[in-house]
Amino acid sequence: MKAKIIITPKKAVVDPQGKAVQSALEHMGYNGINAVHVGKFLEIELDGADKETVRRQLDEACHRFLSNPVIEDYKLELE
């Protein structure tokens with residue numbers, strides 16, 4: 001089973017890295033960019049047949065270790 005986790009800053013949190021990337025793109029001539037959000041992407045390959053158990057364990061790992069729930073959101077997909 002493969003899990004894909006995308007972690008991004010919450011909308012209300014200032015994203016200085018996203019602002020820097022947006023500014024750089026604008027200086028390079030890429031116009032019309034309203035916002036850039038820089039986050040993290042994790043791909044985890046794991047054993048386990050019970051999708052709900054795997055989802056529950058990864059949700060817990062996201063809350064406890066992989067993300068900072070105060071300032072970040074995450075999206076978890078299982079394949």
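What you are looking at is a predicted structure, and each value in this text was computed from that prediction instead of being measured.
Across every non-hydrogen atom of S67 and C62, the tightest pair is OG-O, 2.7 Å. The shortest heavy-atom contact between G18 and D15 is N-OD1, 3.0 Å.
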**Message:** I'd like to know whether K11 forms a side chain to side chain contact (heavy atoms under 4.5 Å, CB included) with H37, so could you lay out the CA-CA distance, the side-chain angles of the two residues, the decisive distance to 0.1 Å, and finally the verdict.
**Reply:** CA-CA 9 Å; K11 298 285 184 199; H37 304 283; 4.0 Å; yes
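Side-chain contact between E72 and K10 is absent, with no heavy-atom pair separated by less than 4.5 Å. I5 places none of its side-chain heavy atoms less than 4.5 Å from the side chain of K75. Inter-residue side-chain proximity for I7 and N68 is flagged as unmet; no heavy-atom pair is nearer than 4.5 Å. The side-chain heavy atoms of K4 and E79, taken from C-beta on, include a pair separated by under 4.5 Å. When side chains are defined from C-beta on, Y74 counts as touching H63, because their heavy atoms get closer than 4.5 Å.
Distance NZ/K51 to CG/L58: 12.0 Å, rounded to 0.5 Å. A distance of 11.5 Å separates CG of D50 from CZ of R55, quoted to the nearest 0.5 Å. Note that CG of L66 is 11.0 Å distant from CZ of R64, once rounded to the nearest 0.5 Å.
Across L46, D59, I44, a single residue satisfies side chain to side chain contact (heavy atoms under 4.5 Å, CB included) together with V54, and that is L46.
Distance alone, capped at 3.5 Å, places no donor-acceptor pair between the D73 side chain and the P9 backbone.
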